[in-house]
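Single-structure report; data block below.
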Amino acid sequence: MIGHQLDHSKMCCTKFKFKNLARLMVSSQVYFKCSQLLFSCLFSVDTAKKDIVFLLDGSDGTRNGFPAMLDFVERVVEKLNVGENKDRVSVVQYSIDAEAHFYLNTYTTKDDIVGSVRGLRHRGGRAPNTGAALQYVRDNVLTSSAGSRHLQGVPQILILLNGGRSSDNVDTPASTLKQLGVLTFAIGTRGSDSAELQRLSSDPSHALSVSDFTDLPSVQEQLSSVMSRVLVRSTPRTPTVTAEKKPAGRDFVFLLDGSDATRSGFPAMRDFVQSVVQTLSVDDSKDRVSVVQYSREPAVQFYLNTYTTQGEILDSVRGLRHKGGRPLNTGAALQYLSDNVFTVSAGSRRLEGVPQVLILLSGGRSADNVDAQAAALKQLGVLTFAIGTRNSDSKELQKIAHSPTYALSVSEFNDLPSVRHLLKSTPDIFFMEITPESPTIPVDTAKKDIVFLLDGSDGTRNGFPAMLDFVERVVEKLNVGENKDRVSVVQYSIDAEAHFYLNTYTTKDDIVGSVRGLRHRGGRAPNTGAALQYVRDNVLTSSAGSRHLQGVPQILILLNGGRSSDNVDTPASTLKQLGVLTFAIGTRGSDSAELQRLSSDPSHALSVSDFTDLPSVQEQLSSVMSRVLVRSTPRTQTVTGRDFVFLLDGSDATRSGFPAMRDFVQSVVQTLSVDDSKDRVSVVQYSREPAVQFYLNTYTTQGEILDSVRGLRHKGGRPLNTGAALQYLSDNVFTVSAGSRRLEGVPQVLILLSGGRSADNVDAQAAALKQLGVLTFAIGTRNSDSKELQKIAHSPTYALSVSEFNDLPSVRHLLKSTPDIFFMEITPESPTIPVDTAKKDIVFLLDGSDGTRNGFPAMLDFVERVVEKLNVGENKDRVSVVQYSIDAEAHFYLNTYTTKDDIVGSVRGLRHRGGRAPNTGAALQYVRDNVLTSSAGSRHLQGVPQILILLNGGRSSDNVDTPASTLKQLGVLTFAIGTRGSDSAELQRLSSDPSHALSVSDFTDLPSVQEQLSSVMMPVVPKKPAGRDFVFLLDGSDATRSGFPAMRDFVQSVVQALSVDDSKNRVSVVQYSREPAVQFYLNTYMTQGEILDSVRGLRHKGGRPLNTGAALQYLSDNVFTVSAGSRRLEGVPQVLILLSGGRSADNVDTPASALKQLGVLTFAIGTRGSDSAELQRLSSDPSHALSVSDFTDLPSLNMSQTLYFLAEKKPAGRDFVFLLDGSDATRSGFPAMRDFVQSVVQTLSVDDSKDRVSVVQYSREPAVQFYLNTYTTQGEILDSVRGLRHRGGRPLNTGAALQYLSDNVFTVSAGSRRLEGVPQVLILLSGGRSADNVDAQAAALKQLGVLTFAIGTRNSDSKELQKIAHSPTYALSVSEFNDLPSVRKPT
């Protein structure tokens, strides 16, 4: 019966193929009947199984056609044989970004799939990012974890329904899918780009088109016909773990030069191909053949799976016609072969191990570059023979060929039979399998760096002992040693902490001993994303012992017990890009999809029921770890020199000037030191799009570079897209793979030669290059835009101009005369602090998501009204506007407009963006990275106030806390204005101060908050703090034991000269050997006596080796920080005094450079055992490197040059905060608490601006009654206190209230004068035990220097009060609140 149905389907298909379609179209009924027959024919072809993904364009332009798309999907699905072991289906929709509605393993029945499809809603969003969507499908859908069976040889089919040209580049992701063997059909409408559809498809014939989506039924026949042909010829590879038979045969591709120059020789080329084919074994399915002809662009004559007999191939070859055309673009043709011919869909059996052979017949030199494309084929394992004539470039042929011996030459094509004879005589070369080249450097597999990242959140408390056992068992199997395996352990919950680094221990016993002593950290749901970033920034670094630069594999083993509270995608992606091999092991509480995204490969995501089952995955983990080699590029030595990139305008307008540009490049190259491997050079030419002539690692001699430059041909084309070209450089040229040595500290220099104004925007792209540290010279002609050149250049003085390109020698002369500018590395400037209150930088961040469409005009009116009140000008107020939904976009930057009229005109022309629920967190980060930067016009480094005004219509879809915190740390004054749809708590977290969170019913009510906003925006000028922050870094290694008392005495002598007691100077001491240990931080002690007492009690640390680099890195990360008491961001000078008795065992250059960039003034003092050159590199200036014979000679040093300070009057007064327990249990005692506050306030000096007061009441959460800067008279404060009403509520969360005070009350914006040295006093009145933990929050207040009095009643927990109080003696108790008058009031 089944066989009968299959025969019937085949008959229908055959009949349908040969009927006149025009007659069938007369009747729609007949058409759809036949269409259904076709679908049954199509989907009975592969009787096994298929994985089909529908990728639907959900951008704004497809809204009307979306129902027709869904109908099409439904009709296709109805004809499938759906089941877990049959056909599987996934649907993905995209616009700006992509989202999977369901995966290949979500549904196993047809009804479930159809039901889900019918419920889909149109996504909306701007012009589609098809490239990103293809990448999303590759990374998230066509994976084993998402149900893809590509590893089992099941055909992978992607059907794209597209309504418009992509906003991003599609070539790379489309090429990736082709190389994976995905069969892609791209179906577009009249709004689509037909050329783009062909590039997207696995074959140009798979690009189909309809007028609009309602016509989709008309392509079903065409689609089914093509799919049936391909699936019939597709032979899936069935992998097996046992030894499998090596596939027989080879895949031959002939690439024939069909340009005008080969017309007379083409018959001989054709005969040669026939003679080779006649020797192949095609009929028994061993060998396959494809022929491609090319000139300007390639054209496939037939694919590897087009013909299956020798006769068919020979017939086709005999019928070949010469293509013609010019120029000869061999590079483009080679790239085309990689993307479209050596692919599974085109019949290549490369992934099955079948040898791939390319025979190129070329009659001339290529007009484009062939280097990267030839290298790509070699990496694919293609064995290339390059055969040329007397007109060919022999060096070019050698580059293209598998090796120089595979580059053959004949006088003319009629002599090709002689080459055929040569090939026949070398079967060992021609017919052997070739191993693909690896583009990476040798990996040292004899050693590994392994980091264990342990989830220490509350949910893993019971399982933590099992985690430690697992770590111990893994370590026991390792070969631990300094030059063998290294281990680090990091634990995290809300934040992360390294228990020990990769260079802390060198023996197995030390590691195991440390692991056994670990204690569970505790904390809320884990921030796994932040923990990964912490590992990236603090553990996988050279200073922490990582050897990734030496090619040692980096392995991360994550033990996770629950879903992350923050986003993990970006940090996980960063680790993958670094080549870190990540294993994510979770329990039943983990999110399996998240674990797969965290892992370096989905198969590296392992799962156990709970942590006690970890032994069950140990063997699996060991097996995978032993198989995988991590690719890494070792850094062998310190690199000198520079990397030069020339970006040449090759548009139509520069044709006559191009020879002069070429000469200029040659003249510069002739001055460089290329031959001794110091300098590297790359040349890129661009017009509409960029084209690399050669990369930084293409040539290694000056001669090769000059030869290539002399041969440059003008590209031509329009328009001139300089922005796109700059972006291309960031992404593809200033990269390690392209030869850039930026990460090794080699200066990066870009020289742009431009002959006109860019047709696209250059701002963001130029800023990106500056952030990469690229030193850019922008050289233009009279036709260029001088302002644009200044934006692109490193600074305006680096924007140069000539009348025309023939005048370039004058610029070269200028560059030669300024070697101090052109050839020296630039040291970043330290930020200046004084605040300029005569001007402001204001950024408006507008929520443009779907929910604000109706209110958007009112938003624009509000922006316009605010701008009208400003004093706009380049040296006055500046304005930027950014709109966001899923992602953010700057409409204009702070330096775009300099007049009020220009700003208002631009604002009036803005259009609503649209898009799903807003990603406010990502938008804040965008503002931080792209708008509040010097290149975008921000003047924060000049002390100009930075103001952000957010207009928001709904709760954010992503996390806002981290980016909001970042802006606060930068000192940005953020006002968050929301509507009834907003989350008020979120608005307060977004704002720089809770009082800056404003609310309106809807956006039409915005005028009501304008006055309030204006009054708050009045700038406050902070006083510049006096004094210095001193950090002493003492060498405590074994070698300094005898000299340590002298070091201690030296520190005391310096401290005695400092003004600590008047809060001017602060001191910290850190001792180090193998790793650093803080003796005390900058904010630990506030008096000279306390510091001296602590210094006298210092004990020598001991240990070896001496890792000075790691210690310096530790200072950057943990001591010169706000939380540790550093006042660097307030402009207080930072001074480091290093006492070192020997040479460092690790590298000091990068961490020393980091301290210099922070603006730290470093004095390095050594003894006869120190390395004087190292001391000079450590010091902020060589003259700051001092030396003594031994430490007992330290008194001979004159350190007076560091000990000069400004005399400044100590601020008078105090800031008092009262924190009142307003829970249900204190209702009867609240009047007595109120009276107590009044009695204290009456003793204060408020009216003469000395003392300030704030009152906060709390139960479950805190509520500010008034801030420190709300009232300025005693009378106002007393009136407010008398009117206080008991809050009520439960439970009593004292910990949360203390945290709130740290974040929102003891802050400058809330009136705290802590940074000016004014004492901060907290008086807590509590009537019960806290329901949450108070330890960390109390410690945070102490680190801020807050003097806390904790007063409780009989119901309070006396131990808890002592923890909260500044010291136990500051914890006071009364029987009940009526007894408060008996408490001695603080004075």
Side-chain angles (χ1 to χ4, degrees), residues 170-172 174-175 177-179 184 186 194-207 251-263 265-266 269-270 272-273 288-307 313 316-317 319-348 350 356-378 380 382 384-388 392-393 396-397 399-401 413 689 691-692 713 715:
V170 301
D171 296 334
T172 301
S175 173
L177 290 176
K178 291 174 187 174
Q179 289 180 11
T184 302
S194 58
E196 183 177 87
L197 292 177
Q198 290 180 346
R199 298 204 311 277
L200 289 166
S201 302
S202 48
D203 181 80
S205 65
H206 298 170
D251 292 337
F252 283 86
V253 178
F254 292 88
L255 181 59
L256 310 181
D257 174 354
S259 65
D260 292 342
T262 64
R263 192 173 303 277
F266 194 72
M269 296 163 75
R270 198 167 48 204
F272 175 78
V273 174
R288 294 183 181 181
V289 178
S290 169
V291 173
V292 180
Q293 193 181 165
Y294 78 104
S295 54
R296 177 186 293 273
E297 64 280 318
V300 176
Q301 309 295 328
F302 52 88
Y303 290 95
L304 289 163
N305 54 6
T306 303
Y307 300 122
I313 295 171
S316 182
V317 172
L320 290 181
R321 294 295 175 265
H322 186 259
K323 172 180 168 63
R326 56 190 172 86
L328 183 68
N329 289 328
T330 308
L334 296 176
Q335 186 65 47
Y336 184 86
L337 296 184
S338 293
D339 295 343
N340 299 283
V341 179
F342 288 110
T343 63
V344 175
S345 59
S348 168
R350 181 177 66 84
Q356 308 289 289
V357 181
L358 169 63
I359 300 177
L360 166 68
L361 300 183
S362 168
R365 184 174 183 175
S366 178
D368 63 352
N369 191 281
V370 301
D371 298 345
Q373 296 80 355
L377 286 172
K378 291 174 186 175
L380 287 178
V382 177
T384 302
F385 290 85
I387 306 174
S392 304
D393 181 337
E396 182 177 87
L397 293 175
K399 286 181 190 171
I400 295 171
F413 288 121
E689 65 280 319
V692 176
R713 295 296 176 265
K715 173 180 170 63

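Note: hydrogens, waters and symmetry copies are ignored here, and every other heavy atom, side chains too, is used. This one's a predicted model, so the numbers in the text were calculated from it and none came from an experiment. For reference, positions follow the sequence shown, starting with 1.
Under 3.5 Å, the side chains of Ser316 and Gln301 contain no donor-acceptor pair of N or O atoms. Side-chain atoms of Thr330 and Tyr294 include a donor-acceptor pair closer than 3.5 Å.
Judged as a side chain to side chain contact (heavy atoms under 4.5 Å, CB included), and not counting sequence neighbours, the contacts of Ser201 are Ala186, His206, Ala207. For Thr343, the side chain to side chain contact (heavy atoms under 4.5 Å, CB included) partners two or more places apart in sequence, or in a different chain, are Lys178, Ser345, Ala346. Not counting sequence neighbours, Arg296 has no partner by the side chain to side chain donor-acceptor pair (under 3.5 Å) test. Ala376 meets the side chain to side chain contact (heavy atoms under 4.5 Å, CB included) test with Ser338; sequence neighbours excluded. Partners of Tyr336 according to the ring-ring contact (aromatic ring centres under 6.0 Å, His included) rule, which considers only residues two or more places apart in sequence or in another chain, do not exist here. Annotation: side chain to side chain donor-acceptor pair (under 3.5 Å) contacts of Asp393 (sequence neighbours excluded): Arg365. For Asp171, the salt bridge (Lys or Arg N to Asp or Glu O under 4.0 Å) partners two or more places apart in sequence, or in a different chain, are Arg199. Under the salt bridge (Lys or Arg N to Asp or Glu O under 4.0 Å) criterion, Asp251 pairs with Arg349, not counting sequence neighbours. Partners of Arg270 by side chain to side chain contact (heavy atoms under 4.5 Å, CB included), not counting sequence neighbours, listed by chain and number: Phe266, Pro267, Gln274, Val317, Leu320, Arg321. Applying the side chain to side chain donor-acceptor pair (under 3.5 Å) rule to Ser366 yields the partners Asp368; only residues at least two apart in sequence or on another chain are considered. For Thr184, the side chain to side chain donor-acceptor pair (under 3.5 Å) test picks out no residue, with sequence neighbours left out.
Between Leu360 and Ile387, the closest side-chain pair of non-hydrogen atoms is not below 4.5 Å.
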side-chain contact (heavy atoms from CB on, under 4.5 Å) for Val253 and Ile359? Distances and angles first, verdict last.
CA-CA 6 Å; Val253 178; Ile359 300 177; over 6 Å; no
Determine, stepwise, if the pair Phe254 / Leu361 fulfils side-chain contact (heavy atoms from CB on, under 4.5 Å).
CA-CA 8 Å; Phe254 292 88; Leu361 300 183; 5.7 Å; no
Would Asn340 and Val300 count as a side-chain contact (heavy atoms from CB on, under 4.5 Å) if you check the C-alpha gap in whole Å, the side-chain angles of each, and the deciding distance to 0.1 Å?
CA-CA 9 Å; Asn340 299 283; Val300 176; 5.8 Å; no
Chi angles and distances behind the side-chain contact (heavy atoms from CB on, under 4.5 Å) call for Val292, Leu256:
CA-CA 6 Å; Val292 180; Leu256 310 181; over 6 Å; no
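Across Leu200 and Ala174, no two heavy atoms sit closer than the pair CA-CB, 4.1 Å. When every heavy atom of Lys399 is checked against every heavy atom of Ala374, the shortest pair comes out as O-CB, 3.7 Å. Across all non-hydrogen atoms, the minimal contact from Gln373 to Gln335 is CG-OE1, 3.5 Å.
Asn329 contributes no side-chain N or O that, together with a main-chain N or O of Gly331, makes up a donor-acceptor pair within less than 3.5 Å. In this structure, His322 contributes its side chain and Gly265 its backbone to no donor-acceptor pair below 3.5 Å. Checking side-chain atoms of Ser295 against main-chain N and O of Gly324 turns up a donor-acceptor pair under 3.5 Å.
Residue pairs meeting the salt bridge (charged side-chain N to carboxylate O under 4.0 Å, His left out) criterion with at least one member in residues 324-347, sequence neighbours excluded, are Asp260-Arg326.
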